[in-house]
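A short write-up of the structure that comes next.
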Amino acid sequence: MDLHIDLDSSDLGAELPSYESVTNIEESVEDQVHGPVTLYVAGRFIHTNDHSSPPLYEFSHSIGFLSDADRTVSVHRIDQIVTSRQGRPVVQDRKRHLFDLKHPTKGEYANFKFQAEVASRRALCCLGISAFHPRRSLLSSLGNAKRKGYWVHRAVRGADRRLEEKDVVFGAAPSRDRAVGFEWRDAEGELLAREVETNELMSLVVTAELTTATRDALVAAWMLRLWYELSQGNYRENKWDTAIRVLKSSNPEVRSLRVSSMGLY
């Protein structure tokens with residue numbers, strides 16, 4: 001168990017939280033239910049529209065620069081854990097390695113071009129993504145730019161250790177709304193989130209209440225879809241990294257105008 005409690009000479013007489021209390025905090029994180037939120041990519045991080053909060057997720061690569069040549073991207077969730085030091089509550093950031101996103105080579109004969117392998121027992125499941133073509137009636141209203149949809153399957157390892165396709169966990173279909181790129185739904189068809197693309201930012205507007213584990217998996221699935229597109233040469237404008245400049249802007253008026261124009265409020 002990775003507790004990340006640092007001790008120095010001043011702490012030796014302090015009352016530390018019990019093992020049981022810290023364990024209960026950790027085990028309850030995945031079951032917590034979160035309300036609607038807007039998530040957006042800024043370099044190697046995913047933030048929310050609450051700019052006073054730290055990032056929710058961290059990646060080993062800058063998302064906007066992923067290509068067909070990249071093979072592995074690690075996904076970490078950044079939890080804020082409250083512990084006790086000298087009788088006072090202390091908030092600590094703790095990174096939880098959840099998934100390794102993989103883009104196997106042709107020589108690996110994988111069943112998925114892009115897949116998410118669990119790196120923690122707290123992750124929902126392994127995932128594999130595949131593309132599909134929506135019905136013609138939908139395509140006629142969308143044009144050629146949005147011709148693909150995506151299924152994200154639960155995946156398990158077969159006898160040959162390759163991930164095999166099981167039931168659908170999420171689906172991402174092109175939206176009829178020109179302001180929305182894709183609509184994400186669960187296996188029952190319930191709307192979970194919408195991808196909103198502006199000139200400067202890609203965001204995921206989560207509209208449903210989700211447990212932490214489900215939101216983790218949805219974020220991993222979203223990144224698989226983006227990587228799938230990036231590997232084909234799309235999104236070359238690298239608009240995600242513009243979000244870093246917005247967050248670091250020292251001018252509150254510019255920050256407010258630019259962020260609100262991106263649809264984050």
Side-chain angles (χ1 to χ4, degrees), residues 34-67 70 73-80 93 95-96 98-99 101 114 116 129 146 150 152 170 172-175 177-185 191-212 214-230 234-265:
H34 306 275
V37 67
T38 297
L39 307 176
Y40 60 96
V41 180
R44 292 175 44 243
F45 299 92
I46 286 184
H47 295 261
T48 71
N49 48 336
D50 181 0
H51 304 295
S52 63
S53 299
L56 283 183
Y57 299 94
E58 180 180 347
F59 303 91
S60 58
H61 293 61
S62 181
I63 300 302
F65 289 95
L66 289 175
S67 70
D70 294 301
V73 178
S74 62
V75 181
H76 291 80
R77 188 182 68 233
I78 303 175
D79 294 329
Q80 288 192 303
D93 289 343
K95 292 198 298 185
R96 176 73 61 189
L98 298 174
F99 295 99
L101 310 184
F114 295 88
I129 192 169
K146 299 179 180 179
Y150 296 88
V152 179
F170 306 116
S175 175
D177 186 344
R178 294 187 179 276
V180 177
F182 289 84
E183 294 183 346
W184 286 84
R185 298 179 183 273
L191 180 66
L192 301 179
R194 294 181 174 94
E195 285 188 43
V196 178
E197 181 180 350
T198 70
N199 291 332
E200 294 188 335
L201 196 68
M202 177 68 79
S203 60
L204 186 70
V205 182
V206 180
T207 57
E209 292 187 343
L210 303 176
T211 64
T212 302
T214 302
R215 189 172 70 179
D216 293 343
L218 180 61
V219 166
W222 179 33
M223 292 302 103
L224 289 176
R225 197 204 70 73
L226 291 178
W227 193 1
Y228 199 117
E229 294 278 356
L230 286 164
N234 297 333
Y235 303 127
R236 286 296 104 191
E237 297 174 0
N238 273 318
K239 62 191 68 178
W240 298 279
D241 294 295
T242 305
I244 298 175
R245 296 194 294 275
V246 173
L247 290 171
K248 292 182 178 180
S249 173
S250 59
N251 187 327
E253 294 183 1
V254 172
R255 178 189 174 103
S256 176
L257 284 172
R258 295 186 68 189
V259 173
S260 61
S261 69
M262 293 175 189
L264 296 179
Y265 291 143

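Within the 4.5 Å cutoff, the side chain of Ser175 has no heavy atoms near those of the Arg194 side chain. Looking at Pro174 and Phe182, their side chains come closer than 4.5 Å, going by heavy atoms from C-beta outward. The side-chain heavy atoms of Val41 and Phe59, taken from C-beta on, include no pair separated by under 4.5 Å. Using a 4.5 Å heavy-atom threshold, the side chains of Val219 and Ile46 count as touching. Side-chain atoms of Phe170 and Leu192, non-hydrogen and from C-beta on, do get closer than 4.5 Å to each other. Side-chain contact between Pro55 and Ile78 is present, with at least one heavy-atom pair separated by less than 4.5 Å. Proximity of Ile63 to Arg44: side-chain heavy atoms (C-beta onward) are nowhere separated by under 4.5 Å. Counting only heavy atoms from C-beta outward, the side chains of Val75 and Met223 never approach each other to under 4.5 Å.
Arg96 places no side-chain N or O within donor-acceptor distance of the main-chain N or O of Arg77, the cut-off being under 3.5 Å. Under the 3.5 Å distance criterion, the side-chain polar atoms of Thr211 are matched with a main-chain donor or acceptor of Thr214.
Evaluation of the side chain to side chain contact (heavy atoms under 4.5 Å, CB included) rule for Leu56 yields Leu39, Thr48, Arg215 as partners, not counting sequence neighbours. Partners of Ser53 according to the side chain to side chain contact (heavy atoms under 4.5 Å, CB included) rule, which considers only residues two or more places apart in sequence or in another chain, are Asp50. A search for side chain to side chain donor-acceptor pair (under 3.5 Å) contacts involving His34 returns Thr212, not counting sequence neighbours. Residues forming a side chain to side chain contact (heavy atoms under 4.5 Å, CB included) with Arg185 (at least two apart in sequence, or on another chain): Glu183, Leu191. Under the side chain to side chain donor-acceptor pair (under 3.5 Å) criterion, Trp184 pairs with Glu195, not counting sequence neighbours. For Thr207, there are no side chain to side chain donor-acceptor pair (under 3.5 Å) partners two or more places apart in sequence or in a different chain.
Rounding to the nearest 0.5 Å gives a distance of 10.0 Å between CZ of Phe114 and CG of Leu101. Between the CG atom of Leu204 and the CH2 atom of Trp222 there is a distance of 5.0 Å, given to the nearest 0.5 Å. Phe45 CZ to Tyr40 OH: the interatomic distance, rounded to the nearest 0.5 Å, is 12.5 Å. The structure places CG of Asn49 at 4.5 Å from OG1 of Thr38, a figure rounded to the nearest 0.5 Å.
For the residue pair Ala172 and Arg225, the shortest heavy atom distance occurs at CB-CD, 4.3 Å. Phe99 and Ala116 get closest at one heavy-atom pair: CD2-CB, 3.9 Å. Between Leu218 and Ala193, the shortest heavy-atom contact is CD2-CB, 4.3 Å. A pairwise comparison of heavy atoms in Asp70 and Leu66 identifies OD2-CA, 3.4 Å as the closest pair.
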Report the C-alpha distance between Trp227 and Ile129 in whole Å, list the side-chain angles of each, state the deciding distance to 0.1 Å, and finish with yes or no for side chain to side chain contact (heavy atoms under 4.5 Å, CB included). CA-CA 11 Å; Trp227 193 1; Ile129 192 169; over 6 Å; no

